[in-house]
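Reading through the structure tokens given below for one structure.
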Amino acid sequence: MAKAGVQSDKSKEIKSTLDGLIDNYRANPEDIAELLAFKSRFYQYSMNNAALIRSQNPYSTYVASYEDWKEKGYQVQRGQHGIKIIFPIRTEIFEVGEKDGKKQYRRVTNATPEEKAMIERGQIKPFTTTRFGVGNVFDISQTDCPAEDYPEFYHMGYTSDRHALLYNAVKQYAGLKGISVEEADLHSISLRGQFAPLSNIIRISDKLNDTEKLSTFTHELGHALLHGDPASFNKNSSVKELEADCISIMLQQEMGIDLTDSRKKHFVQHYNICKDLEDFKLEDVLKNVNLAYFNIRNELDPIIEKAVAEAEREEPNNRVQMTEDYQVADQIAEPEQALIERTPLQPPVPDVAPVPKPHHQKEPQRDYKEQDAAVLDYIKRGVSILRIAEDMGFTPQQIGGYYTLKEHDSVRIYPDTNSFHRFSADVGGSTIDFAMHFGGLNEKEAIKSLKEKYVGDRLDSLPQYTPEPKPAPEPKKFELPQKAQGKFARVYAYLTKTRCLDVGIVQGCMKDGLIYEDNKHNVVFVGKDAEGTAAYATRHTTLTDSDFKRDVAGSRQDIGFMVDHKASRLYVTEAPIDALSIMCLRKQQGHDIKDANYMATCGTGKDAALYYRLRTNPHIQEVILANDNDEAGKTASRKIFQTLKKEFPEIKISCLKINGKDVNEHLCQKKCPKNPKKKIAQEVER
């Protein structure tokens, strides 16, 4: 009975985790696209289990239970923690009568000899019930399986030189499903493919290269398999696009085509339309596409494996010729061409396939050391640094007169000067410096890559890139997230148990409106301006298996989080939990916590919040820095120190020495030395 109770508690915990994950996916549809890319490898698992696996180990590649690994001849390494998943428990039962007006049932395995005989004669008809239990699986990286054995369990992926072969294999699969495929001139460089449901024909633009054909084909195949029957003809077009995107993202990932920013944007665009539809349910869509993808993989994988095996049998003869061709090409290619081809900053795949050059035609030599200064000037001033950032996969976000990057919030991009500065690393400069820093290139490589991509092959041709005029986005109105019903029990437990914060301090902040639980069970930290009005808020998950954290839309970035006691001393941290941890440590040491103020900038690049507090609180005379104990935190502290010395010379400055990666870890280790807190994701993304 006790065991059943434990299992029930685990099931409730997993259900709560799944509810939180689904809520976060609904709020952040780009994460759904990432989940689908992750799911491509786990096509035999449910979407719920894929979400659970990803939340606990986003780098998983192949998982199995402890016993399964033993049967395979490998051992789970000592100290490894299992990844929790749910699994169905099916039981055959039959009706045995009624008691107190309720029907009674018995398992077939517990049937009497007479009842078993009646079941065999068909006089009693049993049926199957399903409930769900919680089990553990372990990723292959958690076992002693050597890397050379990995290919026995999962495919290691395809490179781009296989995309033509894969395209033909998928084309063969489509034919077996009764779907015709044509390559044709679609009279548009923006239209890459289309599916005609009445004729059951997929048309692919004949102007695409192999990778583009395969990418487009996977999307149109999703339409053909899911929307080819008359019953779906009237389905909302955005729902159909979303479903086709789901299939495409999973297939592309399996075939070696990474999830691109444009595919994400297309997915998010249609999701945002779908979520406002009356009958739309995200869970139903994910369940349906997951089943469809499972069937596709079971039928398509053997076709691909056969095609690859046949190609590999033919390759030994081809390999000699390829080697000879490479040697010739190496002799005639310009000296640094190979370097350009393998740099991280790649030119985009053209919309129209280039005319192939004769094999032995030598390209004209270019001396980049003597190139016209106008080219360099154009690269620095004529090519938008925002466009370069987007092409490299980053997401610029406008904040007033400058931009930051969603992926690196310490970056400031200034369109007026076409320059950037990354405060966490204290680097900046022009478009060339941007390509060097984020592309991992040296100066010569950056210039060559930028020129190849944005200027073209002719030195005397300088295309004038003019960004499409975009209307200035209306500033979003700041609204605090809706509060949860009740007494904020989950947030209270998270802060006091998981984060080891003092009960009285947490209660005090809740009473003052600085902390509460939203309706999705995130903890919300509220920042109030000098007048005491809420102007900033950041949310953080209470799930230990998730790292969700995000500022509330419309938040002022120069406010931060602050517990203001009108004192002359101010402690400064990166994260609100660290600021509260300092209060707890000082309380443990017997200090009056009200003789100081405690603030969090909520990011290493958001020190403007500190300067705002100093300007609006002239009584503050001392600043004590307590940023994270890593290089980014130390760099931020040095920058703040220099700024304070210059702009606030009267302020006394010092740094708080801590053990651990941040103040909260120091607090947890001090409070529970035998059970130090497990590593928890940083409060604010840098």
Between the OG1 atom in T404 and the CZ atom in R422, the distance rounded to the nearest 0.5 Å is 10.0 Å
ring-ring contact (aromatic ring centres under 6.0 Å, His included) partners of F38, counting only residues at least two apart:
F42
Regarding N597 and Y571, is there a side-chain donor-to-acceptor distance under 3.5 Å anywhere?
no
What is the minimum heavy-atom distance between D630 and G633, and which atoms define it?
OD1-N, 2.7 Å
Sequence neighbours left out, what passes side chain to side chain donor-acceptor pair (under 3.5 Å) with K528? Give chain and number order.
none
Shortest non-hydrogen contact from D139 toward Y59
OD2-O, 4.4 Å
Does a side-chain heavy-atom distance below 4.5 Å link Y492 with K497?
no
What's the verdict on side chain to side chain donor-acceptor pair (under 3.5 Å) for H266 and D245, showing C-alpha distance, side-chain angles and the deciding distance?
CA-CA 8 Å; H266 187 267; D245 266 350; 2.6 Å; yes
Cut-off 3.5 Å, side chains only: do Q397 and K406 have a donor facing an acceptor?
no
Going by atom types alone, do T635 and R638 pair a side-chain donor with an acceptor below 3.5 Å?
yes
Can you name the one residue among I624, D607, L656, L625 that meets side chain to side chain contact (heavy atoms under 4.5 Å, CB included) with V572?
L625
Which value, rounded to the nearest 0.5 Å, describes the distance between E283 atom CD and Y25 atom OH?
13.0 Å
Ignoring hydrogens and geometry beyond distance, is a side-chain donor-acceptor pair present between S581 and D578 at under 3.5 Å?
no
For atom CD of Q482, is the number of surrounding heavy atoms from other residues, nucleotides or ligands below 6.0 Å larger than 12?
no
Shortest non-hydrogen pair, T498 vs C668, comes out as O-SG, 4.1 Å
Quick one: do D261 and K264 make a salt bridge, cutoff under 4.0 Å?
no
Residues Y598 and R569: side-chain donor-acceptor under 3.5 angstrom
no
Carboxylate-amine/guanidinium proximity below 4.0 Å for K606 and E574
no
So with a 6.0 Å cut-off around CD of Q485, is the heavy-atom count from everything else above 12?
no
Which heavy-atom pair separates L441 from A435 by the least distance, and what is that distance?
CG-O, 3.9 Å
With sequence neighbours left out, write down each residue that passes ring-ring contact (aromatic ring centres under 6.0 Å, His included) with Y271, or none if nothing qualifies.
none
Which atom of P396 lies closest to which atom of E390, heavy atoms considered
CD-CG, 3.6 Å
Any side-chain donor-acceptor pair under 3.5 Å between H565 and D595?
no
For Y414 and H421: C-alpha separation, side-chain torsions, deciding distance, then whether ring-ring contact (aromatic ring centres under 6.0 Å, His included) applies.
CA-CA 9 Å; Y414 307 101; H421 191 88; 8.2 Å; no
Can you tell me how far apart OG (S637) and NZ (K639) are? Round to the nearest 0.5 Å.
11.0 Å
Are E407 and T395 linked by a side-chain donor-acceptor pair shorter than 3.5 Å?
yes
Is N418 reaching over with its side chain to a backbone N or O of V383, donor-acceptor style, under 3.5 angstrom?
yes
Would F420 and Y403 count as a ring-ring contact (aromatic ring centres under 6.0 Å, His included) if you check the C-alpha gap in whole Å, the side-chain angles of each, and the deciding distance to 0.1 Å?
CA-CA 9 Å; F420 84 103; Y403 287 76; over 10 Å; no
So does D391 pair up with R387, basic N to acidic O under 4.0 Å?
yes
With a 4.5 Å heavy-atom cut-off, do L501 and Y494 have their side chains touching?
no
Between K451 and E445, does any side-chain N to carboxylate O distance fall below 4.0 Å?
no
